[in-house]
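A short write-up of the structure that comes next.
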Amino acid sequence: MGVGKIAWSYNNWRGIDKFTSDIWRKLGGESFYGFVRETGFAFEWWNFYEDFDRDYYYGYIEWGNQSRPKDFKNGLILFISRRPDDSKMYFIGFYGGAEISSTPYDTGKKIPDLIPGDLKDELINYWRSRKSESRGCKKLLDDVDQGVTLKLEIRARKELSAVFRKENYIHIRQAEAFGEGKELGTINFRSDIELEKVKKLLEQALEEHEKLRESTSESEERKYADEVVKKIRKVLSVYFNYPEFYCDEECKDILEVLKDYKKQIVLYGVPGTGKTYIAIQVARALTGWNTDNLYFITFHPSYSYEEFVEGIRAKVTEDNRVNFRVEPGVFKVIVARATCGLVRHLHENGSVVPKNSIPWNEIQEACKNIAESESMTEIKDEDVNKVLNTIADWARSNQLSRNEELMKLLDGAPRYILIIDEINRGDMGKVFGELITLLEEDKRLFGENYMDVTLPYSKAKFLIPPNLYIIGTMNSADRSIAFVDYALRRRFAFYELEPDKEKVPDVKIGDISLREFFENLNKYLEKKLDRDHRIGHSYFMNIKDGDEVKEKFKRIWCTQIRPLLVEYFYGREEELEKAFGELYINNRIDDKNLKNALESLKKEIEETH
């Protein structure tokens, strides 16, 4: 972790305009104003140029009186700067996944190409005027004149990096943020800042951007705030193990199961317990809010192996001929993408795994094609097969030693999540086919008993990487766990989400508590039917105190709860009439009928005992 001081003296990181250019001129020799987003060009070389590189930002640090860190890989660097009009310090952005190298990274960009044409001459004249004052400026000028390729000593992951807009800079009191005796303004970089203080700054930035997201009506502002919130949350998750930014207690329990016990889980429960919502929470926590690594599908009775893994599809050509070809299913594509992410991660961390032992170069182009495809239908089976065949062949003869370092490296790989909604509505044994064997953690890539299989249509090899997780959701009122194939049951963990009365708003309809009504309704359903035929809290969660509570309850009762009760008691409607009276018979929602229904429910519960 580190904090870098940016020596630009005016906080407009959105690029050069006439106003900021005038300020830069007025500052003269007192400051060197660099410009960033549009040009990627500054004396310190902190660079937020969007189109510079697909995956990385690049930078350079003046080390001042602090020695260069010996090992700074996948670290976090905060940007701190002073503003000339008030001389205060501000937290204005961060580099995540930052690496510092003694051998500069070759960006492949020519320095003169990064300077806007209308400013190039002016900047060159400015640098020439400072030639005698700064060796850095002289070298920079020479490099511009000679058209040298830009090489920089820092690079950082775009997905973990952000720059804030001017109105969202975080004012910092130096002593509070960095401690006494750590005058940041005298040097350009510090790596000894306490982690708790770095975390506190990030939390404050998160709060500011969440406020912006909620308060603005401008779509561009919301989009910007969403992006920054996503990145800050991801950074907090990656560096500070912060699942609470995505998770409630149930979500944290499920995370523990997925990390320590099984890599696939089924969340089951009665309707309305938030199964899909929790599944997405867990997926976001696992991926660090990287929605590009999250995939969502829904099973249904006709969902097949051919759609899930691979199958032969007919394609009509431009000359109206029909061609038959093997096309990958959604699971095969996700496995290929997760494998690409894992192998790239191993390749880039050669200190643990020798780079020449990882066949990343052999599959790099195929991985790029898969990643850049805009939809599943555009992905070519040849690319997917290239990835899986290459890694399977390599894994058979190059299984690495399962030591602590490798396990830690694997745990740090980017995670990919497949959410299967309504997983029990499909024939799970038929859809997964022979791949159920590979789901076990010990049979996955780098597992103790690694296995791969040959697929029936493409004849390609198939494996499952350790960084792929599967989360299924299952409505237990529709189908009990007992009906799930035992071979699949053994390979999935099952986690029940129960109705939670504490999540029902504590509001009243007349004198009747909505929470009390919900609690007794479920007790009644459990006594008359079973625990799989209760209802969940999410039906009522949108009712808030101060709303038209009675009207909202009426809509929910008439359109959701009553139809569900009719289904539950099909052929036994007289029992509902007895228990709910006018509330059921005529949908009459008033204080008297609701009170009578609650008393009847309590009586029925007692008599059932």
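Computed from a predicted structure; not experimentally measured.
When only modelled atom types and interatomic distance are considered, Y305 and E434 share a side-chain donor-acceptor pair under 3.5 Å. Looking at Y57 and R155, their side chains never bring a donor and an acceptor atom within 3.5 Å of each other. Residues K332 and N385 have side chains that bring a donor and an acceptor to within less than 3.5 angstrom of each other.
In this structure, R415 contributes its side chain and L286 its backbone to a donor-acceptor pair below 3.5 Å. A side-chain donor-acceptor contact under 3.5 Å links S538 to the backbone of G272. Side-chain N or O atoms of N467 include one that pairs as donor or acceptor with a backbone N or O of A338 at under 3.5 Å. The backbone N or O of R490 sits less than 3.5 Å from a side-chain atom of K262, completing a donor-acceptor pair. E256 contributes no side-chain N or O that, together with a main-chain N or O of D253, makes up a donor-acceptor pair within less than 3.5 Å. A side-chain donor-acceptor contact under 3.5 Å links R444 to the backbone of L468. A distance-only check finds no donor-acceptor pair linking the side chain of K275 to the backbone of G472 [under 3.5 Å]. Of the possible donor and acceptor atoms, one in the side chain of T473 sits under 3.5 Å from a partner among the backbone N and O of E422.
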- Passes side chain to side chain contact (heavy atoms under 4.5 Å, CB included), V163 versus F79? Steps please. CA-CA 9 Å; V163 61; F79 297 136; 5.7 Å; no
- Verify side chain to side chain contact (heavy atoms under 4.5 Å, CB included) between V282 and Y469, making sure each step is shown before the conclusion. CA-CA 10 Å; V282 173; Y469 298 79; over 6 Å; no
- Item | Worked check of side chain to side chain contact (heavy atoms under 4.5 Å, CB included) between Y95 and Y58 | CA-CA 9 Å; Y95 264 171; Y58 291 87; 5.5 Å; no
- salt bridge (Lys or Arg N to Asp or Glu O under 4.0 Å) evaluation trace for D55 with R344: CA-CA 13 Å; D55 298 310; R344 176 176 179 167; 3.1 Å; yes
- Message: Could you go through Y450 and L463, starting from their C-alpha distance and side-chain angles, then the distance that decides it, and tell me whether this counts as side chain to side chain contact (heavy atoms under 4.5 Å, CB included)?
- Response: CA-CA 9 Å; Y450 163 74; L463 54 87; 3.5 Å; yes
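When every heavy atom of A283 is checked against every heavy atom of I471, the shortest pair comes out as N-CD1, 4.2 Å. The nearest pair of heavy atoms linking L76 to G96 is CD1-CA, 3.9 Å. Here the closest non-hydrogen pair linking Y268 and S476 is CD1-CB, 4.2 Å. Listed here is the closest heavy atom pair of C340 and W360: O-CZ3, 3.6 Å. Between I470 and L258 the shortest heavy-atom distance is O-CD2, 4.4 Å. Considering all non-hydrogen atoms of both residues, L202 and I232 come closest at O-CG2, 3.6 Å.
More than 12 heavy atoms of other residues, nucleotides or ligands shown are found within 6.0 angstrom of NZ on K443. Atom CD of E365 has 12 or fewer neighbouring heavy atoms from other residues, nucleotides or ligands inside a 6.0 Å radius. Heavy-atom contacts from other residues, nucleotides or ligands closer than 6.0 Å to NZ of K503 number more than 12.
Rounding to the nearest 0.5 angstrom, the gap separating the OG1 atom in T454 from the CG atom in L388 is 11.5 Å. A distance of 6.0 Å separates CG in L346 from CG in L410, rounded to the nearest 0.5 Å. Here the CD1-OH distance, from I154 to Y105, works out to 9.0 Å after rounding to the nearest 0.5 Å. In this structure, CG on L236 lies 8.5 Å from NZ on K199, to the nearest 0.5 angstrom. Here the straight-line distance linking atom CD1 of I370 with atom OG1 of T339 works out to 9.0 Å at 0.5 Å rounding.
Under the side chain to side chain donor-acceptor pair (under 3.5 Å) criterion, N323 pairs with no residue, sequence neighbours left out. Every residue meeting the side chain to side chain donor-acceptor pair (under 3.5 Å) condition with T276, not counting sequence neighbours, appears here in chain and number order: D421. A search for salt bridge (Lys or Arg N to Asp or Glu O under 4.0 Å) contacts involving E306 returns nothing, not counting sequence neighbours. Every residue two or more places apart in sequence or in another chain that forms a side chain to side chain contact (heavy atoms under 4.5 Å, CB included) with D530 is listed here: D532, H533. Annotation: ring pair (Phe, Tyr, Trp, His ring centres under 6.0 Å) contacts of Y303 (sequence neighbours excluded): F299, H300. Annotation: side chain to side chain contact (heavy atoms under 4.5 Å, CB included) contacts of E526 (sequence neighbours excluded): R531, R534. Qualifying side chain to side chain contact (heavy atoms under 4.5 Å, CB included) partners for D393, counting only residues two or more places apart in sequence or in other chains: K461. Listed by chain and number, the residues in a side chain to side chain donor-acceptor pair (under 3.5 Å) with Q560 amount to none (sequence neighbours excluded). Residues passing the salt bridge (Lys or Arg N to Asp or Glu O under 4.0 Å) test with K368, sequence neighbours excluded: none. Every residue two or more places apart in sequence or in another chain that forms a side chain to side chain donor-acceptor pair (under 3.5 Å) with E382 is listed here: R325. In this view, E502 and D500, R515 satisfy the side chain to side chain contact (heavy atoms under 4.5 Å, CB included) rule, not counting sequence neighbours.
Between P301 and R425 there is a side-chain heavy-atom pair separated by less than 4.5 Å. In this structure, V266 and I423 have side chains that are in contact, with non-hydrogen atoms separated by less than 4.5 Å. Y224 has its side chain within reach of H209: a pair of non-hydrogen atoms, C-beta onward, lies under 4.5 Å apart. For the pair I358 and W394, the minimum side-chain heavy-atom distance is below 4.5 Å. Contact check for V387 versus V335: no side-chain heavy atoms found under the 4.5 Å cut-off. Side-chain contact between F462 and E310 is absent, with no heavy atoms from C-beta onward closer than 4.5 Å. With contacts defined as side-chain heavy-atom distances shorter than 4.5 Å, the pair N293/R337 does not qualify. For the pair N522 and L525, the minimum side-chain heavy-atom distance is below 4.5 Å.
For the pairing with S458, the side-chain contact (heavy atoms from CB on, under 4.5 Å) check across V309, V326, N389 returns one residue only, V326.
One finds no salt bridge joining E362 and K386 here, because no Lys/Arg side-chain nitrogen approaches an Asp/Glu carboxylate oxygen to under 4.0 Å. Salt-bridge check for E327 with K380: failed, with every basic side-chain N at 4.0 Å or more from each acidic carboxylate O. Taking 4.0 Å as the cut-off between side-chain N and carboxylate O, R396 and D452 count as a salt-bridged pair.
For the ring pair (Phe, Tyr, Trp, His ring centres under 6.0 Å) condition, the pairs that include at least one residue of residues 410-439, sequence neighbours left out, are F308-F432.
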